[in-house]
Amino acid sequence: QAQLVESGGGLVQPGESLRLSCTASGSGFRLYTMGWYRQAPGKQRELVARITPGGSAGYLDSVYVDSVKGRFTISRDNAKATLYLQMNSLKPEDTAIYYCNRYGNTLLSWGQGTQVTVSP
């Protein structure tokens with residue numbers, strides 16, 4: 001089964017930016033809609049953004065949760081089996097552990113995630 005490894009998190013001040021990466025081992029990355037999820041302390045994991053496969057598997061499109069629209073951009077490099085999340089204008093409420101995974105009912109085992117902390 002494919003494994004997911006997230007990276008790029010850190011401690012930043014409000015208004016700053018981070019770029020998260022997720023590398024998927026194994027085959028099949030290019031075939032699936034992928035998503036970035038986050039889980040804040042005491043809250044359930046939520047889907048932040050998703051992106052369709054693109055390339056020969058179909059059109060490329062992305063969808064965002066309202067709270068990050070205009071600030072976050074999801075992208076992917078199918079040749080590198082890597083998913084990205086560019087996060088700009090970060091807010092304290094963006095503080096969470098961020099995970100990547102497939103979108104829908106074909107979830108893989110969750111990786112360890114990458115911690116994002118936004119604090120003055």
Is a side-chain donor or acceptor of [X] paired with a backbone partner of [Y] at a separation under 3.5 angstrom?
X: Asp77; Y: Lys80; result: yes
X: Trp36; Y: Tyr84; result: yes
X: Arg102; Y: Met34; result: no

If I take atom [atom1] from residue [X] and atom [atom2] from residue [Y], how far apart are they, to the nearest 0.5 angstrom?
X: Thr52; Y: Asp61; atom1: OG1; atom2: CG; value: 5.5 Å
X: Glu93; Y: Lys43; atom1: CD; atom2: NZ; value: 8.5 Å
X: Glu6; Y: Asn101; atom1: CD; atom2: CG; value: 8.5 Å
X: Thr82; Y: Arg76; atom1: OG1; atom2: CZ; value: 10.5 Å
X: Leu108; Y: Leu4; atom1: CG; atom2: CG; value: 5.0 Å
X: Ile97; Y: Thr117; atom1: CD1; atom2: OG1; value: 9.0 Å

Is it possible for you to check whether Arg50 lies under 6.0 Å from the centre of the six-membered ring of Tyr103, through NZ or CZ, and within 45° of that ring's axis?
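Positive - Arg50 is close enough to the ring of Tyr103 and near enough to its axis.
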Cationic tip of Arg38 within the cone over Tyr98's six-membered ring, i.e. under 6.0 Å and within 45° of the normal?
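Judged by the rule (NZ or CZ under 6.0 Å from the ring centre, within 45° of its axis), Arg38 is not positioned above Tyr98.
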How about [X] and [Y]: do any of their side-chain heavy atoms sit closer than 4.5 Å?
X: Tyr64; Y: Val48; answer: no
X: Leu60; Y: Ile51; answer: yes
X: Leu83; Y: Phe29; answer: yes
X: Gln3; Y: Ser25; answer: yes

Between side-chain atoms of residues 16-23 and protein atoms elsewhere (two or more places apart, or another chain), which donor-acceptor pairs fall under 3.5 Å?
| residue | atom | partner | partner atom | Å |
| --- | --- | --- | --- | --- |
| Glu16 | OE1 | Gln13 | N | 3.0 |
| Ser17 | OG | Asn88 | OD1 | 2.9 |

Counting only heavy atoms not in Gln115 (residues, nucleotides, ligands), do more than 12 fall under 6.0 Å from its CD?
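Correct, the count exceeds 12.
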Using the ring-ring contact (aromatic ring centres under 6.0 Å, His included) criterion, which residues pair with Phe72? Sequence neighbours excluded.
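Not a single residue meets the ring-ring contact (aromatic ring centres under 6.0 Å, His included) criterion with Phe72.
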Would you call Lys91 and Asp94 a salt bridge, taking side-chain N to carboxylate O under 4.0 Å as the test?
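Looking at Asp94 together with Lys91, the answer is no, because their closest N to O distance does not fall below 4.0 Å.
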If Ile, Leu, Val, Met, Phe, Trp and Tyr residues are connected whenever their side-chain heavy atoms lie under 4.5 Å apart, and connections chain through other members, are Met87 and Tyr99 in the same group?
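Met87 does not cluster with Tyr99.
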Taking only residues two or more places apart in sequence or in another chain, which ones pass side-chain contact (heavy atoms from CB on, under 4.5 Å) with Gln112?
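With sequence neighbours excluded, Gln112 shows a side-chain contact (heavy atoms from CB on, under 4.5 Å) to no residue whatsoever.
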